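Take a look at the structure below.
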Amino acid sequence: QKIEATRDWLRKQRFPRLTALEQDYAAALKRLKPPKSVQLATDKSFEDETMTATFRFSTPEQLEATAENLVQLARQPELNALLRLIQDGK
């Protein structure tokens with residue numbers, strides 16, 4: 001645990017902007033609250049301005065429910081905030 005804490009501290013010292021962006025991204029994603037069936041991700045180094053949505057389904061009904069969840073996510077202002085963070089955070 002001490003080694004990991006030291007490693008984290010060194011990373012924060014070397015890459016302060018990136019580590020702050022990572023923390024802001026994690027907080028914004030938490031506020032967005034995507035459903036458990038949908039995973040949202042972006043480039044780990046934030047060099048790409050896009051996000052990826054991944055989901056799994058085994059029935060047409062699950063696919064339809066996921067599609068409805070994606071539409072609801074798209075309408076949330078938190079999504080715009082998250083995308084701005086990714087696009088402006090470079």
Side-chain angles (χ1 to χ4, degrees):
Q1 290 180 2
K2 284 185 179 183
I3 292 173
E4 189 170 327
T6 302
R7 200 175 293 152
D8 288 344
W9 181 84
L10 287 171
R11 188 169 184 278
K12 287 179 185 178
Q13 297 304 306
R14 182 159 184 188
F15 306 107
R17 257 182 100 212
L18 179 60
T19 54
L21 185 57
E22 289 169 343
Q23 290 173 347
D24 292 346
Y25 172 80
L29 190 58
K30 190 174 181 178
R31 284 191 305 273
L32 181 62
K33 299 177 188 170
K36 291 180 182 179
S37 63
V38 176
Q39 290 78 44
L40 298 177
T42 192
D43 182 66
K44 290 189 185 285
S45 60
F46 297 95
E47 293 186 14
D48 187 355
E49 295 183 348
T50 63
M51 293 192 74
T52 301
T54 307
F55 56 90
R56 297 178 66 130
F57 62 93
S58 59
T59 66
E61 294 79 16
Q62 287 177 341
L63 176 60
E64 185 175 3
T66 301
E68 290 170 4
N69 287 333
L70 289 171
V71 169
Q72 291 174 0
L73 275 177
R75 293 181 178 154
Q76 291 187 34
E78 290 86 358
L79 180 61
N80 285 330
L82 186 61
L83 290 169
R84 270 194 312 278
L85 180 67
I86 293 167
Q87 294 162 358
D88 297 342
K90 291 181 156 187

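Nothing here was measured: the structure is a model prediction, and the numbers come from that model.
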Handout entry: All pairs passing ring-ring contact (aromatic ring centres under 6.0 Å, His included) where residues 56-89 contributes a residue, at least two apart
Key = none
Handout entry: Within 6.0 Å of CG in Leu10, more than 12 heavy atoms from elsewhere
Key = yes
Handout entry: Atom pair CG/CZ of Leu70 and Arg75 - distance to nearest 0.5 Å
Key = 11.5 Å
Problem - Inter-residue atom distance Leu83.CG - Gln87.CD, 0.5 Å rounding - result: 5.5 Å
Handout entry: Atom CD of Glu4 with >12 non-hydrogen neighbours under 6.0 angstrom
Key = no
Problem - Nearest non-hydrogen partners of Ile86 and Asp48, listed with the distance - result: CG2-O, 3.6 Å
Handout entry: Pairing residues for Leu32 by the side chain to side chain contact (heavy atoms under 4.5 Å, CB included) criterion, not counting sequence neighbours
Key = Leu29, Pro34, Leu40, Leu73, Gln76, Glu78, Leu79, Leu82
Completion exercise
Residue set satisfying side chain to side chain contact (heavy atoms under 4.5 Å, CB included) with Arg11, at least two apart, ordered chain then number -> Phe15, Leu18, Thr19, Glu22
Handout entry: Flag, side chain of Gln39 to backbone of Lys36, donor-acceptor distance under 3.5 Å
Key = yes
Handout entry: Greater than 12 external heavy atoms within 6.0 Å of Glu64's CD
Key = no
